[in-house]
2 protein chains.
Amino acid sequence: MRKREEPHTRCSECPIREMALFEPVDQEQLDWTQRARSAQLVIPARRHLYREGEVSNEAYTLFDGWVILYRSLPNGKAQIMRFALPGDFLALHPDHDGPRTHSAQAVTQSTVCVFPRGELVEMLHTHPKITMRLNWIHTRDMTTCQEHLLGIGRKSAEERIAFLLMELFQRMRLRGKADGNRIAFPITQEHIADAVGLTVVHTNRIMRQLRDAQLIDCSRQSLTILNEKGLAELGNFRLDMVEMRHLI
Amino acid sequence: MRKREEPHTRCSECPIREMALFEPVDQEQLDWTQRARSAQLVIPARRHLYREGEVSNEAYTLFDGWVILYRSLPNGKAQIMRFALPGDFLALHPDHDGPRTHSAQAVTQSTVCVFPRGELVEMLHTHPKITMRLNWIHTRDMTTCQEHLLGIGRKSAEERIAFLLMELFQRMRLRGKADGNRIAFPITQEHIADAVGLTVVHTNRIMRQLRDAQLIDCSRQSLTILNEKGLAELGNFRLDMVEMRHLI
DNA sequence: CGGGTATTTGACGACTGTCAACGCCAGTGG
DNA sequence: CCACTGGCGTTGACAGTCGTCAAATACCCG
């Protein structure tokens with residue numbers, strides 16, 4: 001899994017964009033956030049942002065692109081923990097200075113904003129609202145991880161994939177990055193397989209089933225949900241809880 | 001899964017024991033912690049502490065007993081997210097006032113300390129060290145959950161069960177609750193199956209293999225690790241990382 | 001001792017993995 | 001322009017892990 005890579009580009013003086021992720025927060029916090037930012041990084045596709053075992057004190061906000069967070073076993077098998085989408089935080093562990101417990105690799109070219117960990121700690125002491133926000137994010141991430149666990153442990157291949165596709169679609173939609181029922185879809189079937197705990201071959205067969213059942217259309221780097229209700233039911237995806245779950 | 005239950009007993013004036021969980025913290029924080037505690041609860045075996053979907057503002061510290069945290073699917077299948085052991089926190093989400101995302105059920109009779117959520121929030125604002133501690137706990141829980149995910153997604157039945165048994169043994173040992181290479185082991189094979197994402201029948205077969213291979217001896221509510229190194233290797237359990245991972 | 005729960009086993013089937021090959025497509029270089 | 005190449009998607013045949021069904025045995029507690 002995962003092949004060639006190229007070096008990043010660091011550009012400390014990139015224009016600063018809006019931090020949708022810290023919403024809702026007040027202006028004071030937004031200002032703080034922008035001051036704490038030290039640099040933006042542009043990462044080419046396939047490049048690792050960091051790897052399991054490395055020691056680093058940087059946390060990130062993903063501005064643009066898709067990044068996978070994964071862990072791997074000595075035998076080479078890998079499990080994707082999460083697909084990070086624009087607006088997501090990476091390595092947000094203000095008090096953890098041990099080695100990274102997972103790897104982060106860009107799927108597409110990606111732009112991240114770098115936060116020195118020390119400033120995050122500083123923030124916890126001086127900005128209680130951001131502290132609450134961080135806790136909220138941790139709580140949501142934990143819930144999402146547990147939902148993922150439930151899926152891999154107790155759902156069939158079909159259900160897991162249907163759920164994942166719905167999840168990615170809804171998350172993109174909440175970010176305003178859906179074009180009707182279609183989203184850009186830069187990941188490969190191997191990524192999907194690594195996320196749901198199946199092999200590429202079997203993943204391919206299930207994808208075909210979903211296509212044959214007129215639930216999705218997945219080709220040319222884009223995913224179209226042809227039957228949202230059907231796909232949601234198949235994957236046990238609670239459409240009524242989208243807002244609260246993936247609220248940015 | 002999960003059968004008969006009995007009501008809890010609330011005893012607000014139980015003697016207060018030491019809060020090992022908040023270590024290392026200074027005395028001021030320990031005092032605060034003890035003041036914030038509102039009551040202790042004794043929960044009979046099989047009783048639920050709370051259920052998925054319920055709304056509540058209580059968080060807990062488990063003093064004694066084993067509690068399972070799980071989620072279930074409409075079809076009745078359940079996935080255990082975590083075995084809570086003495087000293088663990090439950091429902092530690094200071095900023096989350098929505099419905100619970102998982103259920104908590106006592107395996108053995110258990111004693112918990114109850115914290116009103118409002119006091120937790122208060123604490124975040126006034127005790128930065130405890131805030132850091134909470135973040136540390138979240139980080140550790142997240143890492144553990146991801147490790148669990150990796151196991152269920154990418155390990156064989158044998159590896160998953162070996163890993164789980166090692167994990168439970170080491171966690172008990174760190175709590176000083178191991179008698180040499182033996183621990184009290186109140187869970188059933190159904191619990192193990194629900195934790196590793198297998199059926200009871202298949203779990204039983206794997207347990208037999210482990211026994212036949214002289215790796216463990218599991219009977220009469222106790223688990224003995226006969227070959228620690230062998231079991232760890234089989235489950236890809238990093239013996240050298242026990243301390244940092246499950247540090248209380 | 002009796003009833004309910006937990007553990008075990010066997011037989012069988014299905015879901016998922018493995019191995020291997022082929023097609024498709026885009027980028028590359030002659 | 002076209003062959004060439006590597007990455008990805010797709011299929012078929014087959015094996016094996018794991019699930020299902022069913023039943024017997026063992027265990028615990030009143």
Practice task
In whole angstrom, give the distance that lies between atom CD1 of A:Ile152 and atom C1' of C:dC15.
Solution key: 16 Å
Problem - Interatomic distance, B:Gln221 CD vs D:dA26 P [rounded to whole Å] - result: 19 Å
Problem - B:Ser110 side-chain N/O to B:Ala106 backbone N/O, donor-acceptor pair under 3.5 Å - result: no
Exercise for the section: Specify whether B:Trp66 and B:Phe83 have parallel, tilted or perpendicular ring planes, treating 30° as the upper limit for parallel and 60° as the lower limit for perpendicular. Expected result: perpendicular
Problem - Ionic contact status for B:Arg82 with B:Asp88, cut-off 4.0 Å - result: yes
Exercise for the section: Ignoring hydrogens and angles, tell me if any N or O in the side chain of A:Asn227 forms a donor-acceptor pair with the backbone of A:Gly230 under 3.5 Å. Expected result: yes
Handout entry: Whole-Å gap separating P (D:dC8) and CZ (A:Arg220)
Key = 18 Å
Practice task
In whole angstrom, give the distance that lies between atom CD1 of A:Ile161 and atom P of C:dC15.
Solution key: 14 Å
Exercise for the section: Taking B:Arg154 for its side chain and A:Gln79 for its backbone only, find out whether a donor-acceptor pair lies under 3.5 Å. Expected result: no
Practice task
Quickly work out the A:Arg46 CZ to D:dG7 P distance and round it to whole Å.
Solution key: 7 Å
Completion exercise
What residues 196-214 of chain B contributes to the DNA chain D interface at heavy-atom separation below 4.0 Å is B:Gly197, B:Leu198, B:Thr199, B:Val201, B:His202, B:Arg205
Handout entry: Length of the CD-P vector between A:Glu190 and D:dC8, whole Å
Key = 7 Å
Practice task
Between A:Ala157 and B:Thr188, just flag the one whose closest nucleotide in DNA chain C comes earlier from the 5' side.
Solution key: B:Thr188
Completion exercise
side-chain contact (heavy atoms from CB on, under 4.5 Å) filter on A:Glu159, not counting sequence neighbours, yields A:Lys155, A:Ser156, A:Asn236
Exercise for the section: Measure the distance from CD1 on A:Ile192 to P on D:dC8 and round it to the nearest whole Å. Expected result: 13 Å
Handout entry: Distance in angstrom units between A:Lys77 NZ and C:dT16 P, rounded
Key = 15 Å
